[in-house]
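The block underneath contains the structure these notes are about, expressed in structure tokens.
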Amino acid sequence: MTTATTTRVATLADLAALEGQSLGTSSWIDIPQQRINTFAQATDDHQWIHVDPERAKAESPFGGPIAHGYLTLSLIIPMWDEVLTVDSVTMAVNYGLNKVRFTHPVPAQGRVRLNATLQSVEELPKGGVQVTVAGQIELEGSERPAVVVEAVYRYFE
């Protein structure tokens with residue numbers, strides 16, 4: 001099992017030196033059927049390709065149930081926390097996504113992890129910084145990532 005490789009800096013001012021660099025890779029997160037079912041309950045998305053393993057095995061082109069794309073995307077939150085730590089930050093917010101593509105289905109019982117590169121760091125007018133991150137949510141055993149994402153975060157000291 002691969003453990004996370006975290007980039008750690010002391011202050012927001014230290015982030016500029018990391019522009020264009022890999023920040024690291026999170027540890028793997030398991031995607032059991034129960035997690036998929038719980039997500040379906042939370043979002044009212046009970047499509048059979050996600051929540052009916054027997055039917056998905058018999059009828060879907062994926063050979064079994066797959067995770068919701070938005071479930072896989074939502075896991076960027078705990079994975080991101082493993083990839084970058086800024087010691088001086090008192091508040092961080094997810095500002096949004098510039099781009100998201102679901103490039104490969106994640107089967108039930110699969111595992112995913114985040115691999116991230118810091119694209120840019122911009123100072124905000126009223127303090128803090130905005131970082132744009134290129135991320136790939138990798139699927140264990142697949143050459144193609146499950147999700148390609150460009151995420152934007154804001155940090156404040």
Side-chain angles (χ1 to χ4, degrees), residues 1-9 15 18-87 89 91-121 129-156:
M1 182 170 170
T2 305
T3 58
T5 54
T6 302
T7 296
R8 182 178 212 116
V9 295
L15 288 173
L18 299 175
E19 271 188 329
Q21 295 185 29
S22 172
L23 297 174
T25 304
S26 72
S27 57
W28 292 103
I29 294 181
D30 296 327
I31 313 294
Q33 185 64 50
Q34 183 56 48
R35 181 176 282 218
I36 295 169
N37 294 345
T38 300
F39 189 83
Q41 285 295 113
T43 61
D44 285 333
D45 181 353
H46 301 281
Q47 188 175 177
W48 62 268
I49 62 171
H50 305 302
V51 298
D52 188 339
E54 296 305 316
R55 184 175 177 192
K57 186 174 181 180
E59 297 180 30
S60 87
F62 309 114
I66 59 170
H68 304 74
Y70 284 113
L71 165 57
T72 306
L73 177 62
S74 73
L75 294 173
I76 196 171
I77 297 164
M79 293 186 289
W80 176 247
D81 285 345
E82 288 189 356
V83 172
L84 178 65
T85 300
V86 181
D87 293 330
V89 166
M91 183 179 71
V93 294
N94 175 357
Y95 191 64
L97 303 168
N98 291 337
K99 178 182 177 183
V100 177
R101 296 292 181 268
F102 300 105
T103 55
H104 196 284
V106 175
Q109 314 314 323
R111 293 184 348 145
V112 295
R113 69 179 179 185
L114 176 66
N115 188 329
T117 298
L118 184 60
Q119 284 186 313
S120 66
V121 179
V129 299
Q130 178 172 294
V131 298
T132 303
V133 177
Q136 292 191 351
I137 299 178
E138 300 173 342
L139 173 62
E140 187 176 46
S142 174
E143 291 185 21
R144 291 181 59 200
V147 180
V148 176
V149 60
E150 186 176 271
V152 182
Y153 300 97
R154 287 187 169 184
Y155 290 116
F156 302 91

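Starting from 1, each residue takes its place in the sequence as its number.
Side-chain contact check for I36 versus H68: some heavy-atom pair is nearer than 4.5 Å. No side-chain heavy atom of V106 sits under 4.5 Å from any side-chain heavy atom of I66. Under the 4.5 Å side-chain criterion, counting only non-hydrogen atoms from C-beta, Y155 is not in contact with V121. Side-chain contact between T25 and V83 is absent, with no heavy atoms from C-beta onward closer than 4.5 Å. In this structure, H50 and P65 have side chains that are not in contact, with every pair of non-hydrogen atoms separated by 4.5 Å or more. At a threshold of 4.5 Å between non-hydrogen side-chain atoms, the residues L75 and R35 count as touching. Using a 4.5 Å heavy-atom threshold, the side chains of V133 and T117 count as separate.
Checked for salt-bridge contact, R111 and E140 meet the test: a charged N lies under 4.0 Å from a carboxylate O.
What you find for I29 and P78 is that their closest heavy atoms are CD1-CG, 4.1 Å. Across every non-hydrogen atom of L97 and L73, the tightest pair is CD1-CD2, 3.8 Å.
In this structure, CD1 on I77 lies 11.5 Å from CG on L114, to the nearest 0.5 angstrom. With rounding to the nearest 0.5 angstrom, the CZ atom of F39 is 7.5 Å from the CG atom of D45. Note that CG of L118 is 6.0 Å distant from CG of L18, once rounded to the nearest 0.5 Å.
Remark: the N37 side chain and the Q33 side chain contain an N/O donor-acceptor pair separated by less than 3.5 Å. The closest side-chain donor-acceptor pair between S120 and E19, if any, does not fall under 3.5 angstrom. N115 and E138 are linked by a side-chain donor-acceptor pair at a separation below 3.5 angstrom, with hydrogens and angles left out of the test.
More than 12 non-hydrogen atoms from other residues, nucleotides or ligands lie less than 6.0 angstrom from CZ of F102.
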